[in-house]
Number of protein chains: 2
Amino acid sequence: MIGDKGKDWHKVMVSKENPRPGGRSARVQAAVHQAVRDMLAGMNRADVTIPLIAQRANVTPSTIYRRWGDLQELLADVAASHLQPETEPPKTGSARNDLQAWAEQYADEMSSGAGRQMIRDVLAVSDSANAEKCCIYTQQQLRVIVARAQERGEAFPTLTELMDYVVSPIMYRILFDQVPSNDYVRGLVSRVMPEKTD
Amino acid sequence: MIGDKGKDWHKVMVSKENPRPGGRSARVQAAVHQAVRDMLAGMNRADVTIPLIAQRANVTPSTIYRRWGDLQELLADVAASHLQPETEPPKTGSARNDLQAWAEQYADEMSSGAGRQMIRDVLAVSDSANAEKCCIYTQQQLRVIVARAQERGEAFPTLTELMDYVVSPIMYRILFDQVPSNDYVRGLVSRVMPEKTD
DNA sequence: TCACTAACGCGAATTATTTGCTTTTATCTG
DNA sequence: CAGATAAAAGCAAATAATTCGCGTTAGTGA
């Protein structure tokens, strides 16, 4: 039947999400997220409070408290949803170049003031669900590059090796040390690639 | 002159510390830190508030607000001061074993509930001074091991390699992924050591 | 269309935070 | 070893954030 009038496709689609994702609830979530992003961009972090966010989102503070609990959790939620990459790693000539380009961009994004802060926000919450999400996003990106290499028959590190020897050092430096330079990132890539002229 | 009665040696010693570290100020700091540790150990994290800490430390809340600003900064301060190792890495037979033993213990400590939480506390604050402290502590430990290897003339990775390929992957997993197993840590150590029977 | 209820809004009660002022006491000077 | 000085602590009132009970709105399923 063509005009099936599907009566419950969305019920299935979102079955694992919030029990009542329709209309208003979704609007509130969007408005609150947007308000947080705007305020984070335009003012001192310490001045961002839940009452202010609520005002800007045209929502009652108690709504935010009931849905998110406290500011930290809200910030972590917003940060995690922005750490999700929206595009695949760009294709270059080779898998190796794909990796290098991806790693440099990853390091750049995460090193920026906004990126660093988002990571901190995600990690600040004791429930590590958001942190794991970030890890999974990264792995998804890398899996694409690994798959391309396989298709072409190029020798390539495993996903685990990439996480351990490229992603981890970048993230450690961003969090604990000074931000990684492009040269540093290129060095990490060289280290995990099978011998090559470089 | 022997009984020099040095009148300002301590002024020099602590010149980079708080401007007034003597007596009362130090007592307050100790009492507050102790109160935080006790409460963190014995109750739900979400129930730890500054007024409660103040009560337990026999101090006025405003004292804490004035010195530390907010709960996050206080927790970060307490966590950082406990992340400082108090002993040198234990000596085993070889530098390689020193490294392996140290890495396993490091991973264990940091993976524990308390350890993870301390790291999160340290990272949660935007001023990254505490985070850098942690990094420096780790490097100090590793430098001892590297120096021992040099003394004995053993081939050994550089400090940078150890940070990038042993410490970073451990920390990444603790923060974003599942906690590293002992086998995993041993694998990391094998990877950075010059070819060996393993 | 109607019943049902999750999620929101409202406002009062509670709790945390800020702030101006006073008091204590570490540190410096003579 | 007295003062003198001022940093840090205490106190309490004012402000702001958070919680909570209860009534209302509006997705959802029949």
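Letters A, B, ... mirror the listed sequences (proteins, then strands); counts begin at 1. Keep in mind that this is a model prediction, so the values were computed, not measured.
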A.B. asks: Taking only N and O in the side chain of A:T60, is any of them less than 4.0 Å away from OP1 or OP2 of C:dC10?
C.D. replies: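 Yes, within the criterion.
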A.B. asks: Atom OH of B:Y65 and atom C1' of C:dT18: how far apart are they, to the nearest Å?
C.D. replies: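 Answer to the nearest Å: 9 Å.
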A.B. asks: Please determine whether a side-chain nitrogen or oxygen atom of B:S25 lies at a distance below 4.0 Å from atom OP1 or OP2 of D:dA8.
C.D. replies: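 Looking at the OP1 and OP2 atoms of D:dA8, neither is under 4.0 Å from any side-chain N or O of B:S25.
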A.B. asks: Can you check the B:E73 CD to C:dT17 P distance for me, whole Å?
C.D. replies: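 Those two atoms, CD and P, are 13 Å apart.
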A.B. asks: Which residues pass the side chain to side chain donor-acceptor pair (under 3.5 Å) test with A:R120, sequence neighbours left out?
C.D. replies: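 Testing A:R120 for side chain to side chain donor-acceptor pair (under 3.5 Å), a comparison that skips the adjacent residues, returns none.
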A.B. asks: Could you state the atom-to-atom distance from CZ of A:R67 to P of C:dC8 in whole Å?
C.D. replies: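 The answer, rounded to whole Å, is 5 Å.
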A.B. asks: Output the rounded distance in Å from CD1 (A:I64) to P (D:dT19).
C.D. replies: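 To the nearest whole Å, that distance equals 12 Å.
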A.B. asks: Decide side-chain contact (heavy atoms from CB on, under 4.5 Å) for B:D121 and B:R45; before the verdict, give the C-alpha distance in whole Å, the side-chain angles of both, and the deciding distance to 0.1 Å.
C.D. replies: CA-CA 12 Å; B:D121 287 342; B:R45 181 173 205 74; 2.5 Å; yes
A.B. asks: Closer than 4.0 Å, any side-chain N/O of A:R27 to the OP1 or OP2 of D:dG27?
C.D. replies: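 A:R27 to D:dG27 OP1/OP2: side-chain N or O found under 4.0 Å.
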A.B. asks: What's the CZ-C1' distance between A:R24 and C:dA7, to the nearest Å?
C.D. replies: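 Between C1' of C:dA7 and CZ of A:R24: 6 Å.
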A.B. asks: Output the distance between atom CG (B:D164) and atom CG (B:L159), rounded to the nearest 0.5 Å.
C.D. replies: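 So the gap between those two atoms works out to 9.5 Å.
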A.B. asks: Let me know the distance between CG of A:D70 and P of D:dA16, rounded to the nearest Å.
C.D. replies: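 Whole-Å distance recorded here is 21 Å.
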A.B. asks: Between the base of D:dG21 and the side chain of A:R66, is there any donor-acceptor pair under 3.5 Å?
C.D. replies: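 Indeed there is one.
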A.B. asks: Would you indicate whether A:E154, at its atom CD, is surrounded by more than 12 heavy atoms from other residues, nucleotides or ligands within a distance under 6.0 Å?
C.D. replies: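 Yes, enclosed.
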A.B. asks: When you measure from every atom of DNA chain D, which of residues 40-55 of chain A have a heavy atom less than 4.0 Å away?
C.D. replies: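 Residues of residues 40-55 of chain A that come under 4.0 Å of DNA chain D are, in numerical order, A:T49, A:I50, A:P51.
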A.B. asks: Supply the atom-to-atom distance A:S128 OG to B:D177 CG, rounded to the nearest 0.5 angstrom.
C.D. replies: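 One gets 9.5 Å once the value is rounded to the nearest 0.5 Å.
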A.B. asks: Which whole-number value in Å describes the distance from B:L71 CG to D:dT18 P?
C.D. replies: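 It works out to 12 Å between those atoms.
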A.B. asks: Quick one: does B:S62 reach the base of D:dC11 with a side-chain donor-acceptor pair under 3.5 Å?
C.D. replies: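 Yes.
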A.B. asks: In a table with atom names and distances, give each donor-acceptor pair under 3.5 Å that connects a side chain of residues 168-176 of chain A to protein atoms at least two apart or in another chain.
C.D. replies:
unit_1, atom_1, unit_2, atom_2, d
A:S168, OG, A:M163, O, 2.7
A:R173, NE, A:Y184, OH, 3.2

A.B. asks: Flag the pair B:R96 / B:S190 as yes when at least one side-chain heavy-atom distance between them is below 4.5 Å, and no otherwise.
C.D. replies: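 A side-chain contact under 4.5 Å exists here.
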A.B. asks: Round to the nearest Å and state the distance from A:W68 atom CH2 to C:dA7 atom C1'.
C.D. replies: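 Spelled out: CH2 on A:W68 to C1' on C:dA7 is 11 Å.
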